[in-house]
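Working notes for the structure below.
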Amino acid sequence: MKKTLILSSLGALAGLLMLGNVASSADLKIGIMVPTTGSEATYGKDMENAINLAAGEINKAGGVLGMKIVTMTGDAACDPQQATAAASKLVSANVNGVVGGYCSGATLPTMKIYGDANIPLVIPAANSTKLIGINPGNAFQINSTGFDQVKTAVSLFKAKGINKLAIVHQGDGYSEDLAKLTREKWTAMGKEVVAYEVVNKGEQDQSALVTRIKSKAPDAVFWTAYYADGAMVIKQLRQAGYRNLIAVGDGSNSPKLLKIAGKAAEGVYCFSNPTVEYLPAAKAFHANYKAAYKQDPDAYAALSYDGMKLLADAITRAGSTDKAAIIKALAATKDFTGIAGPISFTDKNTLARSNFVILVAKDGKWILNK
Amino acid sequence: MSIQDILLQQLANGLILGSFYALVALGYTMVYGIIKLLNFAHGDLYMLGAFVGFIALSFLSDYIGDGWAGIVCSMVLSMIAVGLLGVLIQRIAYVPMLSAPRLSILITALAVSMVLYNGVMAFTDGQYLAFTTDLNYEGVQLGNVFVTNTQMVLVGSSLLLMIVLYLFVHKTLYGKAMRAIAIDQDACRLMGINVNKIIALTFFIGSSLAAAAGVMAGTYYGSIHFFMGFIIGLKAFTAAVIGGIGSIPGAMLGGLLLGLLEAFGTQIPFIGTEWKDVFSFGILILLLVFKPTGILGKTEIERM
């Protein structure tokens, strides 16, 4: 008897809890799919915070089409299986749209799930070029892809009057991709790649490579891999008397690189995703975020914030919560002003204009290159 | 740069890299010479040497700066600390295994290696630490070859350490005891030599040479991390085998030779830097096929 009482009260409690969670029909339900557990949880939480901040601001300003935004989070855990479960959960909750996708590998299998349900998906972080090919048409990538970094890199080299380029990578998927795409683009422009080298991970002595590069007299050296070994290469290039331009890819975008390479890193260029500290338009966002969460926004906060705002904007333009109409409105986005830069889409639903920024090392710090 | 200049610059690169290899290879070869153990934890002692030097320098820099004085002092401290640690490892992990089959002690050495680098990984969170010093890039331009003062000092001090070691082994009573134990331990015991003490001394010297190389590498390359001993351990082992494992001049020669092979290996036409390890380890295989005892090794070598 007692047992049934407990059970029934538990049931009632559960019902109450569910009621608390269930949005009323007049609300706009937006799903957030980010890793909130596991190794990438810090980034995921940061994205969730930024999206909720945007939703709160929109609600304060009167909501979307008179409806309040209610968000719910699915934990993708940076794992394809968990992400699939999270996506299914959001789909069965009948959300009007989803903002999310941090790890490309975990985002990949969810695209079909959202695609089958025809749910609009705005992806703020995941940027593998693989996502482009399998997009069923409902997903929109607002982070630049690897192709865009190449565009930014090549534009810098062109502006600096570079002719002979040396490219160094480490043979892993990420850095080799970037190196290969850059080489293709550079040679297609009729310029010369004088050295295309691979180095082992974790090797400290790069003197042989440095001598080889120096003997080819390049105008610029482009390091496409990560910061720890990159610092080594930069230091030894400068030590050997190489004075021309050095640029590093976004994998080397770390204050650690400057610390390890020391004075040798002065003047090195780096391509970076638009993080809050380098965005003049994100000042207010930075302050609001800090006030709300007592911490500084991390790498993908600005893009996540833009993602939520973009989705709300598209729903307003669509004039209804009809999913097909929202997707159509998203695709028609023209120069939406985000804090990370203007958003327009290509016919493949990727960013029309690269939002990579160029940083330069000055006095031991990365600053925005003017 | 003309081709001669490039080759000369690679010669300089090879000698610098080779002197690191030689210092680490000496520890391998000394320990092998005396108790026939391939001490796979040796590369990790090099790594520990760098970390101890790093800690010492961050304390000392407040008093004597992080220029040459600070570096030399922290190097000496690191050599003593890591040398003692080498003796401790020998006492705890190797002495009880001396009468066990050769394979058991080899596996123990692998275990010690894992304990050391995983321990450092746990302490440092797997992070790269920046080893900042006051050294600059001034140097000498010899034709088109550029050598920094730091590089010259590094090569000079490793050569000095090697000469001191050579004199110690060949001109002192302790050195004589070491060489005697390498030939016949039991006979040495009968002659009243304290074998355990001499073996401990060997571990001390070998470990402190690795620590010296570690501190030099830390100051020269400017960053240290828990895995830095792995690759150099492998390369130094190769160098010891090329020179003839068990032979001290062999380790020096093998180290320098391997450094040169790697530097010139990158310069072979039509192949890139990614082939340099293929090239140097390929030479190792050829050497083992045609002269398995190494360049200066004795003919009666015991296989594991």
Side-chain angles (χ1 to χ4, degrees), chain A residues 39 166-172 175-176 179 193-218 226-243 252 254-266 364, chain B residues 1-3 5-18 20-21 50 127-139 141 144-148 150-151 217-218 220-225 227-228 230-232 235 259-267 272-277:
Chain A
S39 59
I167 303 173
V168 190
H169 68 88
Q170 280 194 310
D172 58 300
S175 73
E176 188 173 3
V193 174
V194 288
Y196 185 79
E197 305 286 339
V198 193
V199 296
N200 290 336
K201 256 196 170 119
E203 190 112 40
Q204 292 193 300
D205 194 280
Q206 303 292 0
S207 56
L209 167 85
V210 163
T211 303
R212 197 179 153 98
I213 288 179
K214 243 187 104 192
S215 71
K216 305 275 171 66
Y226 301 95
Y227 74 89
D229 293 326
M232 223 48 52
V233 171
I234 292 170
K235 201 169 168 175
Q236 292 176 37
L237 272 170
R238 290 295 188 227
Q239 210 164 21
Y242 171 82
R243 295 275 167 267
S252 287
S254 162
K256 271 269 163 81
L257 179 132
L258 303 178
K259 213 167 164 226
I260 297 171
K263 323 173 250 212
E266 283 294 292
Chain B
M1 282 172 107
S2 69
I3 187 74
D5 292 331
I6 296 172
L7 292 181
L8 274 175
Q9 181 74 60
Q10 292 291 24
L11 179 74
N13 295 341
L15 284 176
I16 293 158
L17 184 60
F20 282 123
Y21 290 162
Q127 292 286 315
Y128 283 73
L129 301 179
F131 204 130
T132 41
T133 55
D134 197 22
L135 306 181
N136 53 32
Y137 300 149
E138 280 160 29
Q141 189 79 37
N144 269 326
V145 179
F146 184 72
V147 186
T148 63
T150 316
Q151 290 172 331
Y220 177 52
Y221 298 121
S223 92
I224 56 175
H225 58 105
F227 214 55
M228 67 188 277
F230 178 74
I231 289 179
I232 194 143
K235 297 265 172 84
L260 291 173
L261 279 175
E262 281 192 10
F264 286 114
T266 44
Q267 220 49 60
T273 33
E274 68 266 35
W275 287 87
K276 77 172 185 185
D277 286 353

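The sequence lines fix the lettering, A, B, ..., with proteins before strands; numbering per chain opens at 1. From a predicted model like this one, the values you see are computed outputs, not experimental measurements.
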Test side-chain hydrogen bond (donor to acceptor under 3.5 Å, both in side chains) on A:Q236 and B:Y221 and set out the steps. CA-CA 8 Å; A:Q236 292 176 37; B:Y221 298 121; 5.6 Å; no
Select one option (side chain, backbone, both, neither) describing which atoms of B:S223 are under 4.5 Å from chain A's heavy atoms. both
Cut-off 4.5 Å, heavy atoms of chain B, and the answer for A:N200 is side chain
Hits for side chain to side chain donor-acceptor pair (under 3.5 Å) against A:D229, two or more places apart or cross-chain, chain-then-number order -> A:Q170
Against chain B, label A:K259 side chain, backbone, both or neither, depending on which of its atoms sit under 4.5 Å from a heavy atom there. both
Would you mind checking which part of B:F227 comes under 4.5 Å of any heavy atom in chain A, side chain (CB onward), backbone (N, CA, C, O), both or neither? neither
With a 4.5 angstrom heavy-atom cut-off, which part of A:A261 approaches chain B: side chain, backbone, both or neither? backbone
Less than 4.5 Å to any heavy atom of chain A: does that hold for the side chain of B:F264, its backbone, both, or neither? neither
With sequence neighbours left out, write down each residue that passes salt bridge (Lys or Arg N to Asp or Glu O under 4.0 Å) with B:K235, or none if nothing qualifies. A:E203, B:E262, B:D277
One option among A:D205, A:L209, A:V210, A:I260 has the most heavy-atom pairs under 4.5 Å with chain B, and it is A:D205
Keeping the roles fixed (side chain from B:N13, backbone from A:S207), state whether a donor-acceptor pair exists under 3.5 Å. yes
Donor-acceptor contact below 3.5 Å, side chain A:K214 vs main chain A:A240: yes
A:K263 portion near chain B, given a 4.5 angstrom heavy-atom threshold: side chain
How long is the straight-line distance from CD1 of B:I6 back to CG of B:L11, given to the nearest 0.5 Å? 13.5 Å
Judged by atom type as modelled, is there a donor-acceptor pair below 3.5 Å linking the side chain of A:E266 to the main-chain atoms of A:G364? yes
Among A:K216, A:Q204, A:M232, A:R238, which residue has the highest count of heavy-atom pairs closer than 4.5 Å to chain B? A:Q204
